[in-house]
Amino acid sequence: MNYPFLSSAVTSILRLQKKNIEESKLWSVGTLLVLVYFVAKTLYFALYTKAGVPPDEWYHIQLINIYHQANGSFLGPELKYAKFGAVSESFWLYHYSLGLWQHLKPEFLDAITWMRVASVFLSFLFLVAFIRLTNNLLSKPLSFIAVAIQSNLLMFTFMSGSVSYDVMVHLWAVSAILFFSTWLRQRSIKDLISCLLFIALGSLTKISFLPLSGILVLLLAIDLLIFRRKLLPIVFDKTWIPANKLKLVILLFFGALSLNLVGGNLIKYKSISPACHDVYTKSECLTHNGVYKRDHDLVNNKRPIRLGMYDYFTRWKSAMVNSIFGIVSGPKVWPKPTTTKTIVDSLNLFAIFLMASIFIGFLSRRIPSQYPIILLSVVGLLYGLILFFQVNYNAYLNSGVFHLALQGRYLFPVISVVVISFTYYLFNPIPRIILAPLAIAVAIFFIRNEFIYFIKSDSKMAIIAKDSPLIEKF
């Protein structure tokens, strides 16, 4: 018997599948081009940026050199460097790793350029992990939008070609978030171990990673508690493959180092990260440690508090956007972003959509399908609240200085979830027929207003060296 309608239906399905595969390939090619463009930009900054212009670059270079001279040995408490604070009790993984990296330096490159090459590589790995994260959570057009936004944030691109422990923190953060989201979707023990491993690595790199560590561990604990009947058998499964056992050993090693660092400081100094005067005399700190002296002077010469919390928050949003879409070095932003109002308005709209989507999700019981996206949004929100209240607003109340410790780069540990949540809640409701051209338009908007805008600006001469792509030798 002939069933022409069945044959026609099968043919239509096959054509649709072929079309979807072709569209998927086109979006993948577009994402690859964005990745290549990002690496090219970071290499430009790595080769041409004047030495010491990126935030705290000289501090990192000198501390890396100390570890380099130690030839792989850990710095003991007998080594005193008041200029750098409590070195032997500080978060050491980046500086220790770059100290080893310097032993591999080729003769035709100078030390600073070689350190910056490491940053370019770490940032490349960040974007690869970010692309994988977006592919797990978003459709292909939305993934393309998210990657285009993430790779065209000027301060992020600039830091990716600079000597800074931030680039390593970004990689550990996006990797922990990636495996956290994969655990929520697939419930595989290897993803849980990988998430905890990157949390441990981040906790050895920079103190600002610790809030993210606490948030992720808390959410994992709550998740395991809520779904314990389903998840505990997975955690305690006796048929672990050797690869997972090896990962567990590595996790226990770095987890022990992390607990030793943080726990040791809490026991010895009653602080996660001891202040300079906890290790040296106050006189030594005021004489040799510039940051300590600045903070000491600000606290003792406090300016009047003129902004309430709401007014501070309103200015805080614009300042954060300015310092993400512009390059911050010292008190200045180069060049002045022209997109601040557009981005701030979009973020306000995104916040409304986010709250509405979660509310509608509860009413329609669609929360399970949005569970990973919602939890990632919670991660970004909690980290942002800690940054605002504990760091920025608290610094303002103690000093009266609005811009003290206020830079958009301090949000970068969770910038991946901010960008993904922003993309999902702002663009997901848009019909598919409109989404494709809109995705291209959004990518063009961010590309034109980032590196291209910077290159055309007069202020680039304050950042870019005029002479040689290889920086003056350190």
Exam field: side chain T157 to backbone L153, donor-acceptor pair closer than 3.5 Å
yes
Indicate, with yes or no, if the rings of F91 and Y165 have centres closer together than 6.0 Å.
no
For the backbone of T49 and the side chain of R116, can you confirm whether one donor and one acceptor N or O come within less than 3.5 Å of each other?
yes
Between S271 and S273 (side chain of the first, backbone of the second, donor and acceptor by atom type, cut-off under 3.5 Å), is there such a pair?
yes
Tell me whether the centres of the aromatic rings in F45 and F454 are closer together than 6.0 Å.
yes
Is a side-chain N or O of Y410 found less than 3.5 angstrom from the main chain of M320, in a donor-acceptor match?
no
Can you see which heavy atom on H103 is nearest to which on G99, and at what distance?
CD2-O, 3.4 Å
Yes or no on side-chain hydrogen bond (donor to acceptor under 3.5 Å, both in side chains) for K270 and N265, after CA distance, side-chain angles and deciding distance?
CA-CA 7 Å; K270 305 296 187 292; N265 285 341; over 6 Å; no
So, the side chain of D278 versus the backbone of A275: is there a donor-acceptor pair under 3.5 Å, distance only?
yes
Per-pair distances, 0.1 Å, donor-acceptor, side chain in residues 169-179, under 3.5 Å, sequence neighbours excluded:
from: H170; atom 1: ND1; to: D166; atom 2: O; distance (Å): 3.2
from: H170; atom 1: NE2; to: D166; atom 2: O; distance (Å): 3.3
from: W172; atom 1: NE1; to: T205; atom 2: OG1; distance (Å): 3.1
from: S175; atom 1: OG; to: L171; atom 2: O; distance (Å): 2.8

Would you say Q102's side chain and H68's backbone share a donor-acceptor pair under 3.5 angstrom?
no
Can you name the closest pair of heavy atoms from Y383 and P413 and give their distance?
OH-CG, 3.4 Å
May I ask you to check whether F126 and F156 place their ring centres under 6.0 Å from each other?
yes
Is the shortest heavy-atom distance from the side chain of R187 to the side chain of F227 under 4.5 Å?
yes
Can I get a per-line list of side-chain donor-acceptor pairs under 3.5 Å for residues 141-151, giving both atom names and the distance, sequence neighbours left out?
from: S143; atom 1: OG; to: T134; atom 2: OG1; distance (Å): 2.7
from: S143; atom 1: OG; to: N135; atom 2: OD1; distance (Å): 3.1
from: S151; atom 1: OG; to: V147; atom 2: O; distance (Å): 2.7

Please report the shortest heavy-atom distance between R315 and L307, naming the atom on each side.
NH1-CD1, 3.4 Å
Going by atom type alone, with no hydrogens or angles, which donor-acceptor pairs under 3.5 Å involve a side-chain atom of residues 194-201 and a protein atom two or more places apart or on another chain?
from: S194; atom 1: OG; to: K190; atom 2: O; distance (Å): 2.8
from: S194; atom 1: OG; to: K247; atom 2: NZ; distance (Å): 3.1

Sole candidate of V328, I324, N392 that passes side-chain contact (heavy atoms from CB on, under 4.5 Å) when paired with Q407:
V328
Please tell me if the side chains of H60 and P54 come closer than 4.5 Å, counting only heavy atoms from C-beta onward.
no
For the pair N449 (side chain) and F445 (backbone), establish whether a donor and an acceptor sit closer than 3.5 Å, ignoring hydrogens and angles.
yes
Pair D191, F180 - check side-chain contact (heavy atoms from CB on, under 4.5 Å), show working.
CA-CA 7 Å; D191 297 317; F180 174 69; over 6 Å; no
All heavy atoms of V120 vs all of G161, minimum pair found to be CG2-CA, 4.3 Å
Parallel, tilted or perpendicular, as decided by the 30° and 60° cut-offs, for the rings of Y292 and H296
parallel
Could you pull out all residues at least two apart from D295 that satisfy salt bridge (charged side-chain N to carboxylate O under 4.0 Å, His left out)?
none
Under 3.5 Å, is there a donor-acceptor pair between the side chain of N398 and the main chain of N394?
yes
For a quick test of reading the model, state the closest non-hydrogen atom pair linking A439 to W27 and the distance between them.
CB-CH2, 3.8 Å
Nearest heavy-atom pair of F158 and V53: which atoms, and what distance?
CZ-CG1, 4.2 Å
For F38 and F124, run ring-ring contact (aromatic ring centres under 6.0 Å, His included): C-alpha distance rounded to whole Å, both residues' side-chain angles, the deciding distance at 0.1 Å, then the answer.
CA-CA 8 Å; F38 174 76; F124 166 76; 8.8 Å; no
Apply side-chain hydrogen bond (donor to acceptor under 3.5 Å, both in side chains) to the pair S123 and T42, showing each step before the final yes or no.
CA-CA 9 Å; S123 299; T42 57; over 6 Å; no
Could you pull out all residues at least two apart from F313 that satisfy ring pair (Phe, Tyr, Trp, His ring centres under 6.0 Å)?
W316, F388
Any idea how Y67 and H95 line up, ring-wise: parallel (<30°), tilted (30 to 60°), or perpendicular (>60°)?
parallel
Going by the rule salt bridge (charged side-chain N to carboxylate O under 4.0 Å, His left out), which residues pair with D56 if we only count those two or more places apart in sequence or in a different chain?
R409
Look only at the side chain of Y393 and the backbone of Y312, and say whether a donor-acceptor pair between them is shorter than 3.5 Å.
no
